[in-house]
Protein chains: 2
Amino acid sequence: MAKTISEIAEETGYSRTTITMVLSGRASEYRISARTQKIIRDYVDEHGYTINQTARNLKTQRSHTIGFVAPEIANPFFARFMAHLEACCRSEGLVLITTSSGEDPLVEARALQSLLERGVDALVLAPCAPRPAVSAKKRSRQTPMVVIDRHYPGDNTQVIASDHRENARLLTAAVMSAGASDMVFFCGHPENPAIVARIAGFRAAAGEGENARLLTAADDSVAAGKAMMQTLLEAGGALPSALLCSSLLVLEGALQHLRRTRSAVPPDMIIATFDYDGFLELLPNTVIVVRQDEEALARAAFQAISDRIGGNAAAEGTRTVVDAELLYLNAPA
Amino acid sequence: MAKTISEIAEETGYSRTTITMVLSGRASEYRISARTQKIIRDYVDEHGYTINQTARNLKTQRSHTIGFVAPEIANPFFARFMAHLEACCRSEGLVLITTSSGEDPLVEARALQSLLERGVDALVLAPCAPRPAVSAKKRSRQTPMVVIDRHYPGDNTQVIASDHRENARLLTAAVMSAGASDMVFFCGHPENPAIVARIAGFRAAAGEGENARLLTAADDSVAAGKAMMQTLLEAGGALPSALLCSSLLVLEGALQHLRRTRSAVPPDMIIATFDYDGFLELLPNTVIVVRQDEEALARAAFQAISDRIGGNAAAEGTRTVVDAELLYLNAPA
DNA sequence: GTGAAAGCGCTAACAA
DNA sequence: TTGTTAGCGCTTTCAC
């Protein structure tokens, strides 16, 4: 891996300090003569040099690395968030380490530990379990952390998220305005605080009546969507005039099951969901989606950790709300 | 960040060596007495210890880190690949650093450099430009690298990819078997070797005639799909009986444009594309897709870098082909 | 059974 | 204007 500073020093006859100074661009600051600089630069141009960040990090106690733990990286929402976060990092010369917890608190804990061991400068976490409370004095010595997307009650970490409750309320209201007389809301993984909030928003708009039913399934998956649709169909009766789903996966499973058993999704059923997929627009149905702004979330998260790294910790329990967008696909003219 | 080994040594009265031995689980190997072990374990249980991997890495010259550079992490294909690769890494106690190049060779080069500086144990790269040739003697000292998905001619790096040409040929043949009399193939980013191969496969199955048209656009995006569809519509004449697209993004743009200008996608048009999206199944059309096996690709890539790290470098220019699946969604009964 | 000591490659305060 | 030096926290050989 190219030469080390010591090797360059030895082979050019200068000291390590001198080499460090010109290689780190602080040559003029340390008044290294132009001639020396040129000699060193030429040497490096010829023989190459790759700084050993490990050594640098050990010395400076910074890793120029940030860690991100997501429940599932392949989930398009987290993948997009990560892509934007990585872009933020890259523009500041940082590097992003991303890990999945698979919604398993134990895996999450291990992932956090592993990142801490590597001395990440900060952590971004989309948690799958409540954070253990940390005493204030301990907190100040800790690696900066911000939580995204999900807020567990009692957690004092800084949170950056959409207002899931309000978004669900608006989505439900939009569905009702579009003419739905009875709705079913399919929810995967109802312990997830984001889903809890969405259910609350749904109830706030639709009430508790027979016309606003709620079905839940243990996890957030295509299979869960299928299972809930099966339950609904087995209960008999007409299909609801609107179907709401807590995620794209659930929607996908629900519609696929409908298509397979009933040969088609009724084109007059209003469909409402969270997160966007480009092919939703091609359905004949009225589709209303809440699209979260992954880029704004990523920027806010990056800003927050930058502030914390810089020592400007936000107050305990600060919540940052990032607006989402209500999108009408194929609304009736 | 908890105590260091030196602190624990000092505070328990043992030496750094002894602490290291029990903390690294090699206590019995070094015949540390049970009593000493217990004292140290108890101390650590009470005060905590987080190993400093940076220091460890510097000493051992291994980082237990692997780097992945993708053209675009938010692309579901790469996101899924990355998720599987990360799972492989995690199961071996490694950590994955992922970066996007945005299809920019300069950004790609910087990303690789940055990972090299961090001393990653190996690199996985989905390249957006040909790799500069490296002399054999230099190669042996280098960080192990495998290339995925795309093979630039003349590149001697080990490649792991689907057989894009053959898959395209099979897909095209399937479309023809399904009754298509004339086809159009929309291709984004035709310099990408994977796309070059797909075009070759398309030609191999469909020939060069008027019934097998090819449209290309500079990049792989929804906008490119729209633009190509616009070009097609402006040329006048009937729509083709089959539309092939080089990626989901292109397909999405093409169909959205069709829907907006013609109010609907003709339900008898056969649609064929690469990569899978759950909502494709809901279209009334016959949809045929090539679904790549991201998990198998990730496993193969991980195996390859593990081999290389272990010193079992594959021969120069080795190509590993991972099978893809031809999937019929809503084929006519 | 346990400890001493060298050194991974780098930075930065201090000397000259 | 350039060099010397003392570590960062860990592993590991060798000595007691």
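Letters go in sequence order (proteins before strands), and every chain restarts at 1.
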For C/dC10, does either OP1 or OP2 sit under 4.0 Å from a side-chain N or O belonging to A/Y49?
yes
A/I5 CD1 to D/dT5 C1', in whole Å, measures 15 Å
Less than 3.5 Å between a donor and an acceptor, one on the side chain of B/K59 and one on the base of C/dG7, is that the case here?
yes
Listed by chain and number, what are the salt bridge (Lys or Arg N to Asp or Glu O under 4.0 Å) partners of A/R299, not counting sequence neighbours?
A/E295
Whole angstrom is fine here: how far is it from CD1 in B/I8 over to P in D/dT11?
11 Å
Hits for salt bridge (Lys or Arg N to Asp or Glu O under 4.0 Å) against A/K38, two or more places apart or cross-chain, chain-then-number order -> A/D42
Provide, to the nearest angstrom, the distance between the CZ atom belonging to A/R62 and the C1' atom belonging to C/dA12.
17 Å
Selection residues 48-60 of chain A - residue pairs positive for salt bridge (Lys or Arg N to Asp or Glu O under 4.0 Å), sequence neighbours left out:
none
What is the bend of the helix from C/dG1-D/dC16 to C/dA16-D/dT1 when you compare the axis at one end with the axis at the other, using five pairs each and rounding to 10°?
50°
Short N/O separations, protein against nucleotides 1-4 of chain C, under 3.5 angstrom:
{"residue": "C/dT2", "atom": "OP1", "partner": "B/S33", "partner atom": "OG", "Å": "3.4"}
{"residue": "C/dT2", "atom": "OP1", "partner": "B/T36", "partner atom": "OG1", "Å": "2.7"}
{"residue": "C/dT2", "atom": "OP2", "partner": "B/S33", "partner atom": "N", "Å": "2.8"}
{"residue": "C/dT2", "atom": "OP2", "partner": "B/T36", "partner atom": "OG1", "Å": "3.4"}
{"residue": "C/dG3", "atom": "OP2", "partner": "B/S15", "partner atom": "N", "Å": "2.7"}
{"residue": "C/dG3", "atom": "OP2", "partner": "B/S15", "partner atom": "OG", "Å": "3.3"}
{"residue": "C/dG3", "atom": "OP2", "partner": "B/T18", "partner atom": "OG1", "Å": "2.9"}
{"residue": "C/dA4", "atom": "N6", "partner": "B/T17", "partner atom": "OG1", "Å": "2.6"}

Do A/Q53 and A/I51 come close enough that some side-chain heavy atom pair is under 4.5 Å?
yes
Tell me, please, which residues at least two apart from B/D307 pass salt bridge (Lys or Arg N to Asp or Glu O under 4.0 Å).
none
A/F302 meets the ring pair (Phe, Tyr, Trp, His ring centres under 6.0 Å) criterion, sequence neighbours left out, with none
Would you kindly give the CD1-to-C1' distance between A/I19 and D/dT1, to the nearest whole Å?
14 Å
Rounded interatomic separation in angstrom, taking CZ from B/R56 and C1' from C/dG9
18 Å
Do any N or O atoms from the side chain of A/Y152 and from the backbone of A/C128 form a donor-acceptor pair under 3.5 angstrom?
yes
Atom CD1 of A/I40 to atom C1' of D/dT2: distance rounded to whole Å?
10 Å
Atom-to-atom span, CD of B/Q61 to P of D/dG9 - whole angstrom:
18 Å
Sort and list the pairs that fulfil side chain to side chain donor-acceptor pair (under 3.5 Å) and have at least one residue in residues 118-131 of chain B, not counting sequence neighbours.
B/R62-B/D121, B/S63-B/D121
Looking across every strand, which nucleic acid part, if any, lies under 4.0 Å from B/L58 by heavy atom: base, sugar-phosphate, or nothing?
base
Whole-Å distance separating the CE atom of A/M21 from the C1' atom of C/dT11:
7 Å
B/F78: which residues meet the ring pair (Phe, Tyr, Trp, His ring centres under 6.0 Å) condition with it, sequence neighbours left out?
none
